[in-house]
Amino acid sequence: MHQAILSATKISAARRGRAFLRARSLAVTAGLGLVAIFATACASSGPVFVPAPTAVRGLPSVAPNPLPPLSSFVTMSNGDRVATVSSDFLFDLDSATLRADSRTSLSKVLPAIRNSAGRVSVIGFTDGLGSAATNLRLSVARAASVKTWLVSQGISARRIVVSGEGEAGAKKNLADARSRRVEIVLKGTT
Amino acid sequence: MRARRSGHRRFGNRATLLLAVGALALVPVLGACRTGAAPDAASGGCDVYQLDGGSTSDTTYPLLLILLDVNDNSAASAGRVAAALRPYLDVAVQDGEYVRLVASGGEDSGLTYSPCFTGQNVFKVDRANKTRERKDRVHASSALATQVEHTVQSVHVNPTGSVTDVLAGVDHEIQAVRSTPGLHLGKVTVLVWSDLLGMTNGPDCLNVNGQQASPALAEGLVRRCFATAQLTSLGSDTVRFLGVDATTGTRPQQDLARYLEGELCRRISTSCV
């Protein structure tokens with residue numbers, strides 16, 4: 001009797017297990033079906049993406065600038081020696097952060113500075129575009145950046161005087177690459 | 001018998017639980033799409049990230065105009081373009097912006113417009129639940145970046161061309177949006193993706209083939225662009241040049257591109273970076 005009840009219970013449990021598995025499969029299938037239907041509905045609303053044949057435009061031939069970005073020191077009538085460098089070469093637009101790739105060229109002024117005993121004046125200039133106040137601030141900040149770099153190269157900070165001339169000498173509202181510059185002046189000892 | 005009924009109840013409870021869990025699992029999927037109107041195929045499916053009736057609202061929204069000078073339509077290049085634009089798309093879906101995209105593959109390739117970014121509707125994702133909103137904005141921005149990638153890859157790239165192909169029509173593109181009835185346009189931001197290294201057969205002011213990498217030359221080229229009205233100033237509209245840093249050319253090519261970027265910025269707008 002006990003064995004019969006036990007057997008019946010086992011059969012019932014097995015049936016329940018199979019039924020549960022079937023129901024679980026059904027629920028999962030139904031769920032996945034709903035997701036698939038919804039995803040298809042969303043995806044089908046998107047544009048038909050047809051890629052064009054892969055192509056790359058050729059790059060133009062560009063020659064290096066034959067003129068060095070930094071002039072050699074020119075001796076003025078008062079004995080000062082002046083080297084001029086384009087701000088476009090040293091800095092990005094409206095930036096006072098010295099570009100890493102400009103430092104190699106800038107290092108060419110170091111021997112002359114080390115061989116001189118007097119003060120070194122670093123003067124920033126901008127062109128006439130934008131507000132005068134902004135240009136003045138930018139010119140000072142750029143000169144200060146050059147000073148910071150010179151100091152990092154072992155030039156005494158006490159020798160270096162920084163100033164900014166802003167858009168002095170530039171035509172107002174005119175973009176002019178020649179005006180955007182930094183001058184490094186070795187003060188004459190004569 | 002009682003045990004069997006109890007077993008059926010337990011089985012019924014578990015099946016109900018499974019169905020409930022399944023239904024809950026669908027909620028995030030459903031949440032990814034806007035409820036209500038079905039996505040519109042004409043908008044490239046992008047309407048799910050746009051405001052309902054955005055174009056007829058009284059609220060003023062900014063315009064993000066994206067100009068792509070596509071010189072490489074490979075998947076890798078498309079990914080770089082989308083990555084550069086992603087921060088701007090993030091802001092668009094957060095703050096609400098009209099977005100228009102125009103692409104050119106160079107000379108004689110015509111302009112490619114995106115059905116997603118027509119500039120006629122406001123992209124904005126708002127949800128009552130802030131967590132849901134944050135997730136949906138990320139999802140929207142990602143989907144829009146994919147749209148950008150697809151647009152880049154669908155552009156037919158010509159062996160010659162320059163940024164003037166898209167930049168020359170910038171006024172027209174802004175006016176096309178501004179003149180839409182019922183649309184209230186605010187601040188305009190123009191994003192220009194280009195390496196600025198134009199090479200053309202025609203009389204293009206930004207054809208730099210055979211030129212030297214000098215600030216003075218870049219200045220002269222850009223001055224000529226404006227003097228010949230191939231380019232016009234955008235006044236105080238914000239302009240951003242993207243893509244110049246992605247140039248993998250020679251040092252002179254990179255230098256000239258950087259000088260041109262500066263010169264274009266100085267002349268095209270009072271608010272250019």
Side-chain angles (χ1 to χ4, degrees), chain A residues 8-9 12-13 15-17 19-20 23-24 26-28 30-32 34-35 38-39 41-67 69 86-89 91-95 99 101 127 129-131 174-178 180, chain B residues 3-4 7-8 11 14-15 18-19 22 25-26 29-30 32-33 38-41 44-45 71-74 106 115-116 150 153-161 197-199 207-216 218-219 249-253 255-256 258-259 261-263 265-267 273:
Chain A
T9 309
S12 173
R15 278 181 186 157
R16 280 204 307 275
F20 174 73
R24 190 170 65 178
L26 191 68
V28 169
L32 288 174
L34 278 171
V35 171
F38 191 81
C42 279
S44 64
S45 65
V48 180
F49 164 51
V50 183
T54 304
V56 180
R57 187 189 304 159
L59 285 170
S61 164
V62 178
N65 189 354
L67 299 173
S86 160
S87 291
D88 292 352
F89 179 77
F91 305 100
D92 283 325
L93 182 73
D94 289 337
S95 166
R99 286 176 56 82
D101 54 7
D127 63 15
L129 278 186
S131 82
L174 184 73
D176 182 2
R178 289 169 303 176
R180 299 188 295 269
Chain B
R4 191 183 295 175
H8 281 309
F11 157 69
R14 291 169 79 175
L18 271 172
L19 283 169
L26 271 176
V29 181
L30 291 164
C33 280
D40 178 15
N71 63 356
D72 177 353
N73 63 2
S74 66
C116 177
H150 288 175
Q153 288 179 266
S154 65
V155 170
H156 287 265
V157 174
N158 193 294
T160 57
L197 292 171
M199 186 166 68
N207 174 16
V208 299
N209 195 31
Q211 304 289 4
Q212 286 175 350
S214 81
E219 187 177 52
T250 61
R251 177 67 195 274
Q253 286 167 339
D255 284 346
L256 183 55
R258 191 169 66 79
Y259 297 147
E261 182 182 17
E263 291 303 328
C265 248
R266 288 184 185 97
R267 289 166 189 272
V273 179

| Using non-hydrogen atoms only, which part of A/L59 is less than 4.5 Å away from chain B: side chain, backbone, both, or neither? | both
| message | Taking salt bridge (Lys or Arg N to Asp or Glu O under 4.0 Å) as the definition, give me every residue that meets it alongside A/R178, ordered by chain and number, with sequence neighbours left out. | response | A/D176
| message | Checking the side chain of B/R258 only, and the main-chain atoms of A/D88 only, is there a donor and an acceptor separated by less than 3.5 Å? | response | yes
| field | Side-chain touch B/R266/A/L93, heavy atoms, less than 4.5 angstrom | value | yes
| message | Taking side chain to side chain donor-acceptor pair (under 3.5 Å) as the definition, give me every residue that meets it alongside B/Q212, ordered by chain and number, with sequence neighbours left out. | response | none
| Minimum heavy-atom separation for B/E263 to A/A175, with atom names? | OE1-CB, 4.2 Å
| query | Got a second to check how far A/S61's OG is from B/Q253's CD, nearest 0.5 Å? | reply | 7.5 Å
| said: Quick check for you: to the nearest 0.5 Å, what is the distance between A/D92 atom CG and B/C265 atom SG? | reply: 10.5 Å
| field | Under 4.5 Å from a heavy atom of chain B, the part of A/D127 involved | value | side chain
| Do B/D72 side-chain atoms and A/V56 backbone N/O form a donor-acceptor pair below 3.5 Å? | no
| request: Examine whether an atom of B/E219 lies under 4.5 Å from a heavy atom of chain A, and if so say whether it belongs to the side chain, the backbone or both; otherwise answer neither. | output: side chain
| field | Qualifying residue, where the test is side-chain contact (heavy atoms from CB on, under 4.5 Å) with A/P60 and the options are B/N209, B/N207, B/L256 | value | B/N209
| field | Top contributor to chain A interface from B/S74, B/G210, B/G262 [non-hydrogen pairs under 4.5 Å] | value | B/G210
| request: List the atom of B/H156, the atom of A/P53, and the distance in Å for their closest heavy-atom pair. | output: CE1-CD, 3.6 Å
| message | Does any backbone or side-chain atom of B/V208 lie under 4.5 Å from a heavy atom of chain A? Answer side chain, backbone, both or neither. | response | both
| So which heavy atom on B/S154 is nearest to which on A/V50, and how close? | CB-O, 3.5 Å
| query | Which heavy atom in A/T54 sits nearest to a heavy atom in B/N73, and how many Å separate them? | reply | CA-OD1, 3.1 Å
| field | Flag side-chain contact, heavy atom, 4.5 Å: B/P215 against A/N65 | value | yes
